[in-house]
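The block underneath contains the structure these notes are about, expressed in structure tokens.
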Amino acid sequence: MKKTLFSLVALLSVTGAVFAYNYDTTLPLPGKSIADTKLQENTLFTAYMFAHRVATPDCKDFAIVDTAVSKEKVDNKWQEIWTINACSKSALVPINFELKEGDDATYAIDPMGVRVISK
């Protein structure tokens, strides 16, 4: 029983190390985003999730390297393109933002709008 438990703990330790990723979470993000820092923080890992979809399987390092407004703000709605480096590729992730009453905001990413640049 102890041997099995030890083997399981060892396996989980190794497995955890294999799936470790490095995300740059420095805020505010680089570039010209007009989303405030709180909204950037709330959006950050959803955007990274889309970079995972285009990254090579062995990629562990992810960083948002640029942000730009792609559709100007009208009626508290706008779109930005976030560029995320994922090892040998970059993902251009379009994000639609909308400010609501008070401090509320929403964001949405269209998976079909994500573009990939191979380095």
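Atoms considered below: every heavy atom in the structure, side chains included; atoms not considered: hydrogens, waters and symmetry mates. Residues: numbered from 1 along the sequence shown.
Note that CD1 of Ile117 and OG1 of Thr83 are 6.5 Å apart. Values are rounded to the nearest 0.5 Å.
Between the side chains of Thr67 and Glu80, no donor-acceptor pair is found at a separation under 3.5 Å.
Pairing each heavy atom of Thr37 with each of Pro28, the nearest pair is OG1-CB, 4.2 Å. Shortest non-hydrogen contact noted between Leu39 and Asp36 is N-OD1, 2.7 Å. Considering every non-hydrogen atom in both Ala51 and Ile84, the closest pair reads CB-CG2, 3.5 Å. Nearest heavy-atom pair across Asn42 and Thr46 is O-OG1, 4.5 Å. Listed here is the closest heavy atom pair of Cys59 and Ala86: SG-C, 3.4 Å.
At a threshold of 4.5 Å between non-hydrogen side-chain atoms, the residues Lys60 and Tyr21 count as touching. Side-chain contact between Leu92 and Trp82: absent, with no pair of heavy atoms (C-beta onward) separated by less than 4.5 Å. Two residues are said to be in side-chain contact when any heavy atoms from C-beta on lie closer than 4.5 Å; Ile64 and Leu44 meet this criterion. Two residues are said to be in side-chain contact when any heavy atoms from C-beta on lie closer than 4.5 Å; Val116 and Ser90 fail this criterion. Taking 4.5 Å as the limit, some side-chain heavy atom of Ile34 sits within range of a side-chain heavy atom of Lys73. You'll find the side chain of Asn96 stays beyond 4.5 Å of the side chain of Trp78, heavy atoms only.
Transitive grouping of hydrophobic side chains (ILVMFWY, heavy atoms separated by less than 4.5 Å) brings Phe62 and Leu27 into a common cluster. Both Met49 and Val114 belong to a single network of hydrophobic side chains, linked directly or stepwise wherever heavy atoms of I, L, V, M, F, W or Y lie under 4.5 Å apart. One hydrophobic cluster holds both Tyr107 and Val69 under the rule that ILVMFWY side chains link at heavy-atom gaps under 4.5 Å. Linking Ile, Leu, Val, Met, Phe, Trp and Tyr whenever their side-chain heavy atoms come within less than 4.5 Å leaves Phe50 and Ile81 in two separate clusters. Tracing side-chain contacts under 4.5 Å through hydrophobic residues (I, L, V, M, F, W, Y), one reaches Phe45 starting from Ile95; they form part of the same cluster.
For the pair Gln40 (side chain) and Leu29 (backbone), a donor-acceptor distance under 3.5 Å is present.
Applying the 6.0 Å contact sphere to CG of Asp103 captures no more than 12 heavy atoms from other residues, nucleotides or ligands. Heavy-atom contacts from other residues, nucleotides or ligands closer than 6.0 Å to CG of Asp75 number 12 or fewer.
Using cut-offs of 30° and 60° on the angle between ring planes, the pair Tyr48 and Tyr23 is tilted.
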